[in-house]
Colleague: 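Would you mind keeping the following structure in view while I ask a few things?
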Amino acid sequence: MRAIVIGSGIGGPVAATALRRAGIDVSVHEAHAGPGTTLGAQLNLAPNGLAVLRTLGLLEAVLAAPGTIPNSTIDFRSGTGRRLGAIDDGSTALEEGLQSVSVRRGELQAALARAATGHGVTVEYGRRLVRHTDTGASVVAEFEDGSTEEADVLIGADGIHSRVRRGIDPSAPAPVYTGLLDQGGWTTAPGLPTTPPSTSRLVWGRRAFFGYQSAPDGTVYWFVNTPHRDLDESTLRSRDAAWWKRSALDLFTGQMPEITAILEASEEHWFAPRAVHTVPTLPHWVRGRVGLLGDAAHALPNSSGQGASMALEDAATLAACLRDVAGPEAALAAYERLRRPRVERIIAEGTQRGDLKLITNPVGVFLRDRVLLPLVFRMVARTEGHSWIFDHRVDVDARVGPVS
Ligand SMILES: Cc1cc2nc3c(=O)[nH]c(=O)nc-3n(C[C@H](O)[C@H](O)[C@H](O)COP(=O)(O)OP(=O)(O)OC[C@H]3O[C@@H](n4cnc5c(N)ncnc54)[C@H](O)[C@@H]3O)c2cc1C
């Protein structure tokens, strides 16, 4: 069997590594011109995602990548710095290597692509898919440069604005803007605020949400989520980095001085917001010989902290199905049936938390900080917390039995 993977972000190279391990010949085709070590800011990898990397022999490379730091506790503050609560995700009790981490997204995708290449995968850059055709006997991918590739299966790991998704189902619902802009980066300067080891601080400001964490080498990682109701991409792009930096500083005027210090110390190039989108529940993740994984199938709210880990779980499950279930169509259908219930439960949980970030009126902010959030923290402490998400293990070597 031969497979084509579109996209060498997070899920793509891992799917390719898992497919190679399953004895399937595979190539990855990425639109960007190179591995993109500087693309994006930070993202979280949770124990369930790290466990996938471990089964594929990719964990060491990720833990050793520049900027990877443990992050198992969140300390929540109001804009004035008042402590609202803390959540320890419990991952420090797990086996060595599975403690939640924050990683530089660009370094992660580059490390995963390198590791995939080491496992015999071909990763081709500068190859943007424009369309695919499922002939019933094979799939033909056409690229912007006019070249084509043919394979038995095509996997769309091409992110939130997936071209493969449109090819599978032109009437699939489009990504929905969440009302939030996201920007972030990192900075080093003497005297910046620090956080306790393995702890990030999330601040529910009056007008925007801020997160930061210091690394042992003194680097401070940060992000801002800003409510911005009406998205107008051309207006967003027409404002330069200096404007966005001033605007970010303005959002936190008179609030925690640590935030101002971090933003002031940060280089302007980090101030380039991305509009945060989610993908509504799709009628189909797969069709015929073509399947979607990661954000292409189900972009999660960014507050779930599970976007990358879900892409990794998808990648391993999909490869195991293609190995064990006879026929590409049946294998892809089994993959969707196995993955959909879990992903949709995680989306439902993350969506509730995302909505709280949109509150900016003073009464709403008061109720959120004094009533809602303390209630949420108490509930998380009483219930099983994150364990149903974190304890899930996708063993890529386990045989996939009949899937109903
Ligand atoms: C540039 C960029 C920056 C990001 N920054 C952050 C961040 O700072 N924090 C965060 O939490 N999440 C960020 N994300 C999203 C995060 O990577 C994903 O939510 C998550 O990791 C799921 O990964 P994925 O592999 O499904 O998708 P992605 O990581 O989005 O990877 C999709 C890949 O497909 C490629 N691609 C898209 N269309 C085509 C095409 N037609 N042909 C070939 N290749 C194509 C893209 O260039 C990309 O490399 C970013 C995504 C991108 C693309």
Side-chain angles (χ1 to χ4, degrees), residues 4-16 27-46 49 52-53 62 67 71 101-110 112-113 116 123-132 141-145 147 149 154-167 175 178 180-186 211 221-225 270 272-279 285 291-315 318 339 343 346-347 350 354:
I4 293 172
V5 175
I6 304 299
S8 187
I10 311 305
V14 174
S27 55
V28 180
H29 304 267
E30 165 57 45
H32 280 292
T37 45
T38 56
L39 286 174
Q42 257 194 322
L43 52 74
N44 293 322
L45 286 176
V52 172
L53 296 176
V62 169
N71 183 11
V101 288
S102 296
V103 296
R104 293 183 188 173
R105 182 192 171 279
E107 295 288 355
L108 174 66
Q109 80 170 17
L112 294 175
V123 182
E124 296 186 7
Y125 292 102
R127 297 201 76 196
R128 180 178 293 280
L129 180 93
V130 286
R131 69 183 67 81
H132 71 260
E142 292 176 53
F143 298 92
E144 204 170 51
D145 60 9
S147 62
E149 296 279 340
L154 183 138
I155 310 301
D158 52 343
I160 196 144
H161 299 291
S162 169
R163 177 70 65 147
V164 178
R165 183 175 62 228
R166 267 182 279 155
T178 57
L180 285 175
L181 300 181
D182 176 53
Q183 54 193 328
W186 55 87
Y221 294 86
W222 60 270
F223 70 89
V224 183
N225 287 168
W270 291 118
R274 286 186 312 135
V276 180
H277 287 81
T278 56
V279 173
W285 290 10
L292 303 172
L293 65 77
D295 279 7
H298 50 63
L300 277 80
N302 64 349
S303 50
S304 75
Q306 279 284 327
S309 296
M310 285 300 105
L312 301 179
E313 288 188 9
D314 285 352
L318 191 149
R339 292 294 302 150
V343 167
I346 290 174
I347 290 175

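In each ligand, atom 1 is the first atom listed, and ligand 1 is the first ligand listed.
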Colleague: For ligand 1, which atoms, with element, lie under 4.0 Å from some heavy atom of Ile10?
Modeller: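 The atoms of ligand 1 under 4.0 Å from a heavy atom of Ile10 are 17 (O), 21 (O), 23 (O), 25 (O), 29 (O).
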
Colleague: Is there a heavy atom in Arg127 that sits closer than 4.0 Å to ligand 1?
Modeller: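 Yes, Arg127 has heavy atoms under 4.0 Å from ligand 1.
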
Colleague: List ligand 1 atoms under 4.0 Å from His29, heavy atoms only on the residue side.
Modeller: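 Answer, ordered by atom number: 43 (C), 44 (N).
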
Colleague: For ligand 1, is any non-hydrogen atom under 4.0 Å from Ala308's backbone (N, CA, C, O), its side chain (CB onward), both, or neither?
Modeller: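 Near ligand 1, Ala308 shows its backbone as well as its side chain.
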
Colleague: Would you check if Ser8 and Gln109 make a side-chain contact, meaning some heavy-atom pair closer than 4.5 Å?
Modeller: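 SC-SC contact between Ser8 and Gln109 ruled out.
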
Colleague: Give the residue, atom name and distance (to 0.1 Å) of the protein heavy atom nearest atom 24 (P) of ligand 1.
Modeller: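 So the nearest neighbour among protein heavy atoms is Gly11 N, 4.0 Å.
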
Colleague: Among the heavy atoms of His161, does any lie under 4.0 Å from an atom of ligand 1?
Modeller: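 It does not, in that no heavy atom of His161 comes within the 4.0 Å cut-off of ligand 1.
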
Colleague: Just by modelled atom types, is the Gln183 backbone N or O under 3.5 Å from a matching donor or acceptor in the Trp270 side chain?
Modeller: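 Here the side-chain-to-backbone pair does not exist.
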
Colleague: Considering only heavy atoms of Gly294, which atoms of ligand 1 have at least one such atom less than 4.0 Å away?
Modeller: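 Checking each atom against Gly294, I get 26 (O).
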
Colleague: Can you name the atoms of ligand 1, numbered from 1 with element, that are less than 4.0 Å from a heavy atom of Ala41?
Modeller: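 Numbered from 1, ligand 1 contributes 7 (C), 8 (O).
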
Colleague: Measure the distance from atom 53 (C) of ligand 1 to every protein heavy atom, then report the residue, atom name and distance (to 0.1 Å) of the closest one.
Modeller: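 So the nearest neighbour among protein heavy atoms is Arg105 NH2, 3.6 Å.
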
Colleague: So that I can tick it off, tell me whether Asp314 and Arg339 are bridged by a salt bridge, with the cut-off set at under 4.0 angstrom between side-chain N and carboxylate O.
Modeller: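 So Arg339 pairs with Asp314 through a salt bridge.
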
Colleague: Specify the closest pair of heavy atoms between Val14 and Leu312, including all atoms of both residues, with the distance to one decimal.
Modeller: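 Where Val14 meets Leu312 most closely, the heavy atoms are CG2-CD2, 3.5 Å.
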
Colleague: Heavy-atom distances under 4.0 Å are what count here, so tell me which part of Asp295 touches ligand 1: side chain, backbone, both or neither.
Modeller: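 It is both parts that get close, each with some atom under 4.0 Å.
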
Colleague: At a non-hydrogen distance cut-off of under 4.0 Å, which region of Met310 contacts ligand 1 (side chain, backbone, both, or neither)?
Modeller: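 It is neither; nothing of Met310 touches ligand 1.
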
Colleague: Can you name the atoms of ligand 1, numbered from 1 with element, that are less than 4.0 Å from a heavy atom of Gly7?
Modeller: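 Here the atoms of ligand 1 in question are 33 (C), 34 (O), 35 (C), 44 (N).
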
Colleague: Contact between Phe143 and Ile6 at the side-chain level, heavy atoms closer than 4.5 Å - yes or no?
Modeller: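 In contact.
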
Colleague: Counting only N and O atoms by type, is there a donor-acceptor contact under 3.5 Å from the side chain of Asp158 to the main-chain atoms of Arg163?
Modeller: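 The answer is yes, because a donor-acceptor pair under 3.5 Å joins these two groups.
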
Colleague: Does the side chain of Leu318 reach to within under 4.5 Å of the side chain of Trp285, using non-hydrogen atoms?
Modeller: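 Sidechains of Trp285 and Leu318: no contact.
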
Colleague: State the atoms of ligand 1, each with its element, that fall below the 4.0 Å cut-off from a heavy-atom position in His32.
Modeller: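 Close to His32: 47 (O).
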
Colleague: Give a yes or no on whether the backbone of Asp145 and the side-chain of Arg127 come within a donor-acceptor separation of less than 3.5 Å.
Modeller: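 It does not hold such a pair.
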
Colleague: Look only at the side chain of Arg131 and the backbone of Glu142, and say whether a donor-acceptor pair between them is shorter than 3.5 Å.
Modeller: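 Here the side-chain-to-backbone pair does not exist.
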
Colleague: For ligand 1, which atoms have a heavy atom of Gly159 less than 4.0 angstrom away?
Modeller: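 That gives atoms 27 (O), 30 (O), 32 (C) of ligand 1.
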
Colleague: Atom 7 (C) of ligand 1: which of His277, Arg131, Arg274 has the nearest heavy atom?
Modeller: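 Looking at heavy atoms only, Arg274 sits closest to atom 7 (C) of ligand 1.
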
Colleague: For ligand 1, find out whether one of its N or O atoms is nearer than 3.5 Å to an N or O atom of Glu30.
Modeller: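 Yes: some nitrogen or oxygen of Glu30 is under 3.5 Å from one in ligand 1.
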
